[in-house]
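Beneath this line is the structure, given in structure tokens, with notes to follow.
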Amino acid sequence: MSHPTPRRWFAWCRRHTRIGRGVSFGTTVLAAVLVLGALLLPDRPDHLDPAAFVRLPAEGIVLAALLLVLPYRARRAVAVAAGVLIGLLILLKCLDIGFYSVLFRPFDLVLDWGLLGNAADYLRETSGRAGELAAIAGAVLLGVAVLVLTTGATVRLAALLVRHRTRSVHGILLLGTAWGTCVVLGLHSAGRPVAATLDADLLGDHARQVRTSLADARLFGQQAAVDAFARTPPGRLLTALRGKDVLFTFVESYGRSAIEDPAMAPRIDAVLKESTAAVRAAGFEARSGWLRSPVTGGGSWLAHSTFLSGLWISNQQRFRSLTSSDRTTLTGAFRRTGAWRTVGVVPGVLAAWPEGRFFGLDHIYDGRHLGYHGPDFGWSQVPDQFTLDAFRDKEFARRGRGPLMAEIILTSSHYPWAPVPRLVDWAKLGDGSVFQPIRRAGRSQEEVWSSPESVRAEYRSSIEYSLHSLVGFLQRYGDRNTVLVFLGDHQPVPTVTGNSPRKDVPVSIVAHDPEVLDRISGWGWTRGLKPAADAPVWPMDSFRDRFLKAYGPRPGR
């Protein structure tokens, strides 16, 4: 059976004029809806509502007028170019929507391409290689389809405008007058101006962002050239902590919202009060404050490197520049003294991590070398309780060892919080198989993400689990020489924070020796594990210098 050719198709349409007209009319309507929808599509998920599409786009009116006055060849070229541009705008808006949904900021056209690779890695770790490849192929096909459809739609509408020139002129004049009237009267729909310039504003914002991002490397180079501790002799570093075991522990996505959001605060408040009492009963005291993270929703490694380097690491370009430099990091300062063995415990890393050398770590335990043979919990490969116990077994409990400095990354509170592990008897952790029934009984990602309320509830449970694991470890294994510094790396995704712009995370220092906390008595931090609402909020990059000064030699010595 032969396939119909385009010529046969048009001949058939001429014989069946009603059907042909219906198809033509339907195609034109779809083309108009596609172009109008593309021009009015918001670039933020919280603006995706019907009211966003009840507006007049200035760009559409100007484009229609331009297509109407151009000669045939120029008109067709402009229609094709405009269609491609509109398609690219759709793709850019989709990227912005994705970045706002996770990182609460737009896509950076200069600096964010590497993060798409991180997204692919996340898909591979959670959905397997097949899921990753299917998602990439789907994204590529969708991108091509968008460009083809918007180009075809714009060319079709251009031809329609010329075919009905008189009506088109009247319509354009009417729409232009209506747009100007809306501007003069300041008419709004659902809080947004009816006379829209969304795409012009979007392109302007991204153009300014591109200029800023291109200049960022030079600015960062100037900032990185200043290092107050680059020439400090090793013997004058961290003198007040000699003989102590110092554990820097990051709790994934532990942000201010966990402590202050009404949906989560009562439970987290109870955990922090209970934990403060528990560590006090074990002979420890704590002080807590706030740090402002450079990121929100994701990009944990940027927050870690900001905290440790004393530089504001807010993008991948800065991270690469940092890790190829000789900057003194907080962890590297411990190693420079020669008085500590420095280790990293990074269960979320499943491949080579050359950056560990830059951070001054003598040995690194990644997710492959913790001895865990239990199930994963969403993205998190190793439950926090097992991570801490593995650190104890491999380093902390070794006989005859010297002082330790450890950087420990806890990942159980990582997105998507499905399922969330539960505490088990520390003596029965074994190889992690004990978590199998907990994993099977946990909620799936589809169940958790069925509503924002469910997401917040599971996020809260994951923070409770991480805090209980950390405090349980300190109670069980900490001693008079243990100093614990733990903090969140960033706020969780906007679904949890309710699009809060705050990037604050709690930070606490817990110690058995009173002299350790006396050293920071002037910081204004709150007693206990819960920072007060009015406790100081410092940029995260200020912590390195404050810490090294506080625990260095007293002035005049």
Side-chain angles (χ1 to χ4, degrees), residues 249-281 284-293 296-297 300 303 377-378 380 383-385 387-388 408-423 442-443 448 451-475 484-510 525-537 540:
T249 305
F250 293 92
V251 179
E252 170 67 36
S253 299
Y254 179 34
R256 188 161 191 149
S257 294
I259 292 176
E260 296 186 347
D261 188 291
M264 297 174 280
R267 288 267 295 270
I268 299 299
D269 183 61
V271 170
L272 292 173
K273 285 182 178 178
E274 173 191 328
S275 298
T276 297
V279 298
R280 187 168 291 154
F284 291 87
E285 289 291 338
R287 300 289 183 273
S288 300
W290 302 104
L291 298 176
R292 187 173 68 251
S293 177
T296 188
S300 300
F377 285 83
S380 179
D384 292 347
Q385 187 183 11
T387 295
L388 291 164
I408 305 172
I409 313 297
L410 300 182
T411 62
S412 290
S413 49
H414 193 287
Y415 171 98
W417 312 297
V420 175
R422 296 196 309 269
L423 281 177
R443 300 179 69 191
V448 170
S451 70
E453 293 74 22
S454 176
V455 174
R456 292 189 185 98
E458 293 305 300
Y459 164 76
R460 181 194 63 210
S461 296
S462 73
I463 295 297
E464 291 180 60
Y465 169 77
S466 296
L467 292 174
H468 279 310
S469 297
L470 188 55
V471 171
F473 172 85
L474 189 65
Q475 282 181 281
L484 171 65
V485 183
F486 77 94
L487 67 151
D489 47 14
H490 54 70
Q491 284 263 64
V493 296
T495 304
V496 177
T497 65
N499 294 314
S500 168
R502 303 197 74 165
K503 294 185 176 183
D504 305 345
V505 297
V507 56
S508 299
I509 298 180
V510 189
W525 284 17
T526 309
R527 289 179 177 271
L529 296 176
K530 178 186 176 182
D534 60 352
V537 181
M540 191 175 278

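Residues Ser300 and Glu252 bring a donor and an acceptor atom of their side chains to less than 3.5 Å of each other. Under 3.5 Å, the side chains of Ser462 and Ser413 contain no donor-acceptor pair of N or O atoms.
Evaluation of the ring pair (Phe, Tyr, Trp, His ring centres under 6.0 Å) rule for Phe284 yields His512 as partners, not counting sequence neighbours. Ala457 pairs by the side-chain contact (heavy atoms from CB on, under 4.5 Å) definition with Arg460, not counting sequence neighbours. Legend: residues meeting ring pair (Phe, Tyr, Trp, His ring centres under 6.0 Å) with Phe486, ordered by chain and number and at least two apart, are absent. The side-chain hydrogen bond (donor to acceptor under 3.5 Å, both in side chains) search around His414 returns none, not counting sequence neighbours. Applying the side-chain contact (heavy atoms from CB on, under 4.5 Å) test to Ala303 and every residue at least two apart in sequence or in another chain returns Ser293, Pro294, Val295, Asp489, Met540.
Side chains of Val420 and Phe377 form no contact here, defined as non-hydrogen atoms less than 4.5 Å apart. Annotation: side chain of Ile509 is in contact with side chain of Trp525 (closest heavy-atom distance under 4.5 Å). Here the side chains of Pro416 and Glu458 are not in contact, with every heavy-atom distance at 4.5 Å or above. Side-chain atoms of Leu484 and Leu470, non-hydrogen and from C-beta on, do get closer than 4.5 Å to each other. Ile259 places a side-chain heavy atom less than 4.5 Å from the side chain of Pro531.
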Handout entry: Pair Gln385-Tyr465, side-chain contact (heavy atoms from CB on, under 4.5 Å): steps then yes or no
Key = CA-CA 9 Å; Gln385 187 183 11; Tyr465 169 77; 3.3 Å; yes

Practice task
Determine, stepwise, if the pair Ser275 / Lys530 fulfils side-chain contact (heavy atoms from CB on, under 4.5 Å).
Solution key: CA-CA 10 Å; Ser275 298; Lys530 178 186 176 182; over 6 Å; no

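Taking each heavy atom of Val505 and Gly488 in turn, the nearest pair found is CG2-O, 3.3 Å. The two residues Tyr459 and Ser253 make their nearest non-hydrogen contact at OH-O, 2.6 Å. Nearest heavy-atom pair across Trp290 and Ala535 is CD1-O, 3.5 Å. Annotation for Leu410 and Leu388: closest pair CD2-CG, 4.0 Å, computed over non-hydrogen atoms. Nearest heavy atoms, Leu272 versus Leu529: CD2-O, 3.8 Å. Considering every non-hydrogen atom in both Tyr254 and Leu487, the closest pair reads CD2-C, 4.4 Å.
Residues in residues 255-266 take part in these side chain to side chain donor-acceptor pair (under 3.5 Å) pairs, two or more places apart or across chains: Arg256-Glu260, Arg256-Asp504, Ser257-Gln491.
A distance-only check finds a donor-acceptor pair linking the side chain of Ser288 to the backbone of Gly528 [under 3.5 Å].
Rounding to the nearest 0.5 Å gives a distance of 13.5 Å between CD of Glu464 and OG of Ser412. Summarising the geometry, atom CG belonging to Leu467 is positioned 10.5 Å from atom CD belonging to Glu274; distances are rounded to the nearest 0.5 Å. The line from CD1 of Ile268 to NZ of Lys273 is 13.0 Å long, rounded to the nearest 0.5 Å.
Each of Thr495, Val493, Val496 was scored for a side-chain contact (heavy atoms from CB on, under 4.5 Å) with Tyr415, with one residue passing: Val493.
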